[in-house]
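This report refers to the structure that appears directly beneath it.
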Amino acid sequence: MADAAEIQGPSASPARRRLRRAGALLAGAPLLAGLLQLTAAEPAQAAPADSVSVALDSLTPSAPTEDDTLTVSGTVINNGGQSVTGAHVGLRVGPLLNTRSAIDGIAQHPDDLRGGAGDELGGKYTQKFSKLIPGVAEHFSISVPVDELDLGKDGVYSFGVSVSGKTSARPWDQMLGIERTFLPWQSSEADTKSRTTFMWPLISSVHMTARTGAGERQTPVFQDDELAKEIAPGGRLAQMMDLGRDLDVSWVIDPDLLAAVDAMANGYRVQQPDGTSKAGSRENQDVAKQWLAGLQTAVADKEVIALPFADPDLASLAHTGTSVTGSLSHLKDATDVAALTVKTVLHVTPTTDFAWPVEGAVDPSIIKVATSAGADRVIARSDSLRESTGLPYTPSAARPIGGGTTAVVADARMSTAFEGDLTKADTSTLAVQQFLAQSLEANVQKDEQRSFVVAPQRTPTASQAQAMATAVKALQDGNWSQPETLTGAASAKPDPDAATRIPSTSAYPSSLRKQELPRSAFEQIADTQDKLDNFQVILTDQSRVVTPFGRAINRGMSTSWRGQAAKADGFRTDVLSYLDNLGGQVKLIDKSETKLSGRSATIPVTVQNNLVQPVGHLYLRLSSTQPTRLKIAGKAYDEQPVEVSGGHSQSVKFTTSANANGRATVLAQLYTEDGQEYGDPVSFDVKVTEVTPTVMLVIGGGVLLLVLAGFRMYTQRKRAAARQAEEEGPDEAEADSGDESGNPDDAGDRLPEESGSPAGAAGPDQPGDPAPDTAPESTDPSGTGERVDR
């Protein structure tokens, strides 16, 4: 922006101020002559800069009006090695600053003694110290009626607090230190007031993991207890909520923060280093409830802008994520869930059509990604979308950039005013005064109402938030600006001369590009999504897994990971590991070698479900790697549907048939309904030890024949012995009976082979014996269908 055209013309000085300056020059003429002589004699003895430091801790009011009394307080410290005598602190009003770049110059070097310090008021508007001892801080406080400052035309004046005194080495009065800031001066209501939108961000880092409890409530597990510290009284987010309550600001909220606090309020657990988790404290639950209740009150009747869930890093998505399939779909999911989350927790309907890239840095690819999920307003910043036409003023924020998209360009000077360490009172005071000075200077550039947007850092510290609140309060109480919503600024009539050309991708700041998520992060996210898709189809209650893991995927691409690459990778790895663990709870039980006797048998395979919910939509396939030896249900493989209750196991039985002896390898694998493999396969061997039915019949028949033949021969011999006894008469029969009762000769009771006769011979043919009723045993080989196990 060409600041040369911002010049407002010289300030009109009152007569009293001219007389004072003339008197000061006359009184100082002799001293000046002496100083010139001494300087000529000792050129190397110039007073060291900043020998006494000045800290401006408070300046109230920040933007005074005619009837106000300005009070300035702070401390001075002698940093030199000698005591300072005859010291005093005075106030100095410098010239009217005519450009915004002039304000920048003073803000960069507020303690430069060589800068334009202006005249000291002197008189009773000083505070004297008889001695400033080295290293000892001295407090000062000076009050002066504003009409004593001799301020002229409305605008921004340089304002300084200086300390002067003498040292033993330089025994004359000299300025030894100064702190310069700005005094915005708008004596009455401005004819044209600018409209200012201040974005009030409620954003935190990632706190929740993908892990939840196994019970019905699914108690969420947090990475740590840091969020409880932020929302506790005095914490960063507690102060952001309290400070924003009384300000006319546009609340910009990450729904993930609301989801986390809401989860904490209803009971949570905290992950431990050993992988376990412990219950969060009841005290922290109460803190979460109080914070949510306070926020609900604070945002009532205020504009609430909901960012996509977990505040995805749009630049990382644009530069590396789009090369990985499916990455943009996560941005759409994060946008869809944002409004529902805010409405559920805060009971307000948010606006969701704004996208906010990191630090408002944009290029064509970022704009394309930012609008892909439905946002048609992109919050950029003026140090990214720069003016190239040499406008002598700051144009309104709204810029149509084509395709129905509006770039809402935040003012870079005002947006970055509260960065850095503001824990010290003096740095906070300087930040507030600088912000107000830039706001007033932008307003007086043109007699036409314009809309300005302030987009501060995403996660301001507590001290930065306090400075922001002080500045916004002073701005809203001032005479040159009025508050406006972000939606109003985006809808304002755009300046036809303002820049609308998006900078090229090569112009994107290298410092920001170094902090982006790498391609590997989006590949890991894609892997997690693929496994989630495969896992959820087997569940009867998908929401128990899809919701926590879907939100965890959103968190894996959060803007808050910038500068924390190792921690971000650890988070994504934990999400994927936990998903693998859950998926592994449904698995096949390993089997040892199975023996198969006979031509056919049934083989059981067990599916185990250690989840709390039933699983289904699964098929178990059993495949034979050697179907010529072993078939499953008469073919190479068979599959059956599987449904298993939570915490149970189920055996699935498959019918098998063997064609040959030996080992056959069998493979069991689970599949989802869409044909995707699920889990690891289980492989085991089946040992076939088949004995055919034909062989069993032959063996059984042979044994039966032998038994029948022996029984028949025994019966025949008994009959022959009975006939012989009848023929010999009673005496011989009696003699035979005596032999049986004394020392019996059992040769007639033995089978032929037992008595020494040839196998199969029945002894000498007896009268009346029938012909044998069995054919001679065949010596031919058995048939081909008869196999005997060896």
Side-chain angles (χ1 to χ4, degrees), residues 214-216 530-546 549 576-693 789:
E216 188 67 27
D530 288 343
K531 291 185 176 182
L532 179 60
D533 292 341
N534 198 31
F535 181 41
Q536 65 176 324
V537 298
I538 74 169
L539 304 175
T540 54
D541 185 0
Q542 296 183 353
S543 64
R544 288 182 62 90
V545 171
V546 173
F549 276 99
L576 184 56
S577 175
Y578 182 52
L579 180 58
D580 286 338
N581 178 267
L582 282 182
Q585 300 303 305
V586 179
K587 61 182 179 180
L588 298 173
I589 300 298
D590 290 336
K591 287 181 67 67
S592 58
E593 182 183 81
T594 300
K595 293 184 179 180
L596 181 63
S597 298
R599 182 178 295 276
S600 63
T602 299
I603 296 179
V605 179
T606 303
V607 183
Q608 186 178 61
N609 174 20
N610 289 327
L611 299 174
V612 297
Q613 64 170 299
V615 297
H617 311 290
L618 276 172
Y619 284 88
L620 175 57
R621 178 182 296 179
L622 192 66
S623 306
S624 173
T625 60
Q626 297 166 289
T628 57
R629 175 172 294 174
L630 181 71
K631 292 183 181 296
I632 314 296
K635 49 190 175 181
Y637 72 89
D638 188 27
E639 59 185 21
Q640 297 186 39
V642 176
E643 293 184 1
V644 188
S645 300
H648 289 76
S649 299
Q650 177 179 324
S651 291
V652 182
K653 297 180 179 180
F654 293 87
T655 301
T656 62
S657 58
N659 297 321
N661 293 340
R663 280 186 172 83
T665 300
V666 175
L667 191 68
Q669 173 69 64
L670 287 170
Y671 286 86
T672 59
E673 283 184 334
D674 56 359
Q676 299 294 317
E677 291 184 355
Y678 185 88
D680 296 327
V682 167
S683 175
F684 58 95
D685 289 339
V686 175
K687 185 178 180 181
V688 180
T689 56
E690 180 183 15
V691 181
T692 66
D789 193 38

query: Should Val642 and Val652 count as side-chain neighbours, where that means a heavy-atom distance under 4.5 Å?
result: yes

- request: Mind running side-chain contact (heavy atoms from CB on, under 4.5 Å) on Lys653 and Thr602 for me, showing each step along the way?
  value: CA-CA 6 Å; Lys653 297 180 179 180; Thr602 299; 3.5 Å; yes

task: Working to the nearest 0.5 Å, report the span between NZ of Lys587 and CG of Leu670.
output: 12.0 Å

task: Show the numbers, then the answer: is there a side-chain contact (heavy atoms from CB on, under 4.5 Å) between Val612 and Arg544?
output: CA-CA 10 Å; Val612 297; Arg544 288 182 62 90; 3.8 Å; yes

message: If you define the side chain from C-beta out and look only at heavy atoms, does anything of Leu611 sit under 4.5 Å from Gln585?
response: yes

- request: Considering non-hydrogen atoms only, spot the tightest contact between Leu630 and Ala664 and give its length.
  value: CB-CB, 3.8 Å

task: Using a cut-off of 6.0 Å, state whether more than 12 heavy atoms not belonging to Glu643 lie near its atom CD.
output: no

query: If you look at every heavy atom in Pro614 and Thr540, which pair is closest and at what distance?
result: O-OG1, 3.1 Å

- prompt: For the atom pair CZ (Phe654) and CZ (Arg621), what is the distance rounded to the nearest 0.5 Å?
  reply: 10.5 Å

message: Are there over 12 heavy-atom neighbours, none belonging to Asp680, within less than 6.0 Å of that residue's CG?
response: no

message: Checking Asn659 against Ser657 for the side-chain hydrogen bond (donor to acceptor under 3.5 Å, both in side chains) test, could you report, in this order, the C-alpha distance in whole Å, the side-chain angles of both residues, the deciding distance, and whether it holds?
response: CA-CA 7 Å; Asn659 297 321; Ser657 58; 5.2 Å; no

- prompt: Just how far is it from atom OG of Ser623 to atom CD of Glu639, taken to the nearest 0.5 Å?
  reply: 8.5 Å

query: Any sub-3.5 Å donor-acceptor pair from Gln613's side-chain atoms to Asp541's backbone N or O?
result: yes

field: Distance in Å, Tyr619 OH paired with Gln669 CD, rounded so as to fall on 0.5 Å steps
entry: 15.5 Å

message: What I'd like to find out is whether the side chain of Val537 reaches to under 4.5 Å of the side chain of His617, using heavy atoms alone.
response: no

statement: All heavy atoms of Pro681 vs all of Leu667, minimum pair found to be CB-CD1, 3.9 Å

- prompt: When rounded to the nearest 0.5 angstrom, what is the spacing between CD in Glu593 and OG1 in Thr665?
  reply: 9.5 Å

field: Validation row: Ile603, Phe684 side chains within 4.5 angstrom (heavy atoms)
entry: yes

message: Quick check: closest heavy atoms across Ala636 and Ile632, and the distance to 0.1 Å?
response: O-CG1, 3.9 Å

field: Option among Thr606, Val682, Val607 that satisfies the side chain to side chain contact (heavy atoms under 4.5 Å, CB included) test with Ile589
entry: Thr606

field: Heavy-atom check, side chain of Leu620 versus side chain of Val605, under 4.5 Å
entry: yes

message: Do Phe549 and Leu582 have side chains that approach each other closer than 4.5 Å (heavy atoms only, starting at C-beta)?
response: yes

- prompt: Is it true that atom NZ of Lys591 has more than 12 heavy atoms of other residues, nucleotides or ligands lying nearer than 6.0 Å?
  reply: yes

- prompt: At their closest point, which heavy atom of Ser649 faces which heavy atom of Gln608, and how far apart are they?
  reply: OG-CG, 3.4 Å

statement: Partner of Asn609 under side chain to side chain contact (heavy atoms under 4.5 Å, CB included), picked from Ile538, Val586, Leu618, is Val586

- prompt: Are any of the side-chain heavy atoms of Leu539 and Val615 separated by less than 4.5 Å?
  reply: yes

task: Using the side-chain contact (heavy atoms from CB on, under 4.5 Å) rule, take Glu677 and Tyr671 through it: C-alpha gap first, then chi angles, then the decisive distance, then the call.
output: CA-CA 5 Å; Glu677 291 184 355; Tyr671 286 86; 3.4 Å; yes

field: Between NZ on residue Lys631 and OG1 on residue Thr656, distance to nearest 0.5 Å
entry: 12.0 Å

